[in-house]
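Report on one structure; see the data block that follows.
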There are 2 protein chains.
Amino acid sequence: MSRWKPDAQGRLVKAAITLFDEQGYDATTVAGIAEAAGLTKRTFFRYFSDKREVLFGGSAELQAQWVTAIGAAPAGASPMAAIDAALDAVAELFTDRHAFARTRSRIVAANPELQERELIKLQALAGAVEEALVARGVAPNAAGLAAHAGVVVFQVAFARWVQQDDPAALRRLMDESLEELRSVTAA
Amino acid sequence: MSRWKPDAQGRLVKAAITLFDEQGYDATTVAGIAEAAGLTKRTFFRYFSDKREVLFGGSAELQAQWVTAIGAAPAGASPMAAIDAALDAVAELFTDRHAFARTRSRIVAANPELQERELIKLQALAGAVEEALVARGVAPNAAGLAAHAGVVVFQVAFARWVQQDDPAALRRLMDESLEELRSVTAA
């Protein structure tokens, strides 16, 4: 038997979220995760700095997707058109992660400390989106409001997406949220 | 000399925010606050459970103002009209607290733990506003987006209000933020 284990990171993630979901985040240890994945703690720490990073390690990639898409939007695009391009990229990113996202949402919802971390990541995302809009020449005030609006649309759509069964529904749910935001603010 | 001290709570708040601002939040102790106010630690704990509550004790009042104003809006008012009524009440609440709000903002901005606490309070506020809208018969999806939009407008306007000198400007800054949100989402 080879000692080489294919997709160690993927197996660690799967073992971790299964344990977080079944026995609770606080009760789960790195040793327990590694054991369930048939790997060592040392291998775990090659991929993650701690167990929380299994849930939040994707934040940097998510933020990079937003910022890159906003930067790549056509020169004349309005702030919301640039955000719309970012929502496309983000919806694409998540389409094959629906099962993970559903379990992860359940885990986060069950733990106040993780909920706080999630809020902080979303606020950091809004700050990064705002900066990316300002870098496009959007006035700071408009950039701040557009960034917060974009992140709220994402947050609300994402919460609905993990509550329903269609992995491909995220972009449609984003459109619905954006339309609802437009409709409530237009009144 | 009477040992009775008028407005103990007000003096404790003033002493606390002066110390937080001058020497940092972490370096300030309850004993130091009480001493600066010419009062005892025991008196401090009659008003506050800990030093953080000096900064966040007003959150419950703020949330109550929002929820009460939304509940009191005319039966036929749209979600944003109800939020607009809440913004009126909130602007009124803060008008004579500009100096406190400015110092408090500086203290919170200087401390990541306090920034996190602020985010959590704002998220709780959005949740309470959403519930108050649902209680008026607003559909949950629209209520969620209207609540987040209202809180973002408040947050952005408040941040601008503490950056400028006119205590009476908050309501106007809220209107400007709302108009900007409308304008960016309408595109």
Side-chain angles (χ1 to χ4, degrees), chain A residues 73 76-84 109 112-127 129-130 133 138-160 163-164 173-187, chain B residues 73 76-84 109 112-127 129-130 133 138-160 163-164 173-187:
Chain A
S78 70
M80 282 312 279
I83 282 174
D84 206 58
E113 185 215 327
L114 298 176
Q115 288 171 40
E116 294 183 4
R117 182 60 34 196
E118 188 88 317
L119 284 181
I120 291 157
K121 294 285 183 177
L122 283 169
Q123 189 72 10
L125 175 61
V129 169
E130 182 175 349
L133 289 170
V138 178
N141 287 354
L145 282 157
H148 277 98
V151 171
V152 163
V153 163
F154 167 67
Q155 186 182 359
V156 169
F158 197 91
R160 293 182 198 167
Q163 295 293 329
Q164 55 83 63
L173 293 167
M174 288 169 167
D175 283 335
E176 286 177 14
S177 294
L178 185 53
E179 190 45 47
E180 280 166 17
L181 180 62
R182 208 169 265 150
S183 158
V184 295
T185 56
Chain B
S78 69
M80 281 313 280
I83 283 174
D84 205 60
E113 186 216 327
L114 298 176
Q115 288 171 41
E116 295 183 3
R117 183 60 34 194
E118 188 88 317
L119 284 182
I120 291 156
K121 293 285 184 178
L122 283 169
Q123 188 73 9
L125 175 61
V129 169
E130 181 175 348
L133 289 170
V138 178
N141 288 353
L145 283 157
H148 279 97
V151 171
V152 163
V153 163
F154 166 68
Q155 185 181 1
V156 170
F158 197 91
R160 292 182 199 166
Q163 294 293 328
Q164 55 83 62
L173 293 167
M174 286 169 169
D175 283 335
E176 286 176 15
S177 295
L178 186 53
E179 191 44 48
E180 280 165 17
L181 180 62
R182 209 170 264 150
S183 156
V184 295
T185 55

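Computed from a predicted structure; not experimentally measured. So you know, we letter chains A, B, ... as the sequences are listed, proteins then strands, and number each from 1.
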Side-chain donor-acceptor pairs under 3.5 Å in residues 143-153 of chain B, sequence neighbours left out?
| from | atom 1 | to | atom 2 | distance (Å) |
| --- | --- | --- | --- | --- |
| B:H148 | ND1 | B:G144 | O | 2.9 |

(message) Would you compute the distance between atom CZ of B:R160 and atom CG of A:N141 and round it to the nearest 0.5 angstrom?
(response) 3.0 Å

(request) To the nearest 0.5 Å, tell me how far B:L181 CG sits from A:L181 CG. (result) 5.5 Å

(message) With rounding to the nearest 0.5 angstrom, report the CD to CD distance, A:Q155 to B:Q123.
(response) 5.0 Å

(message) As an exercise: rank A:A126, A:S177, A:A159 by heavy-atom pairs under 4.5 Å with chain B and give me the winner.
(response) A:S177

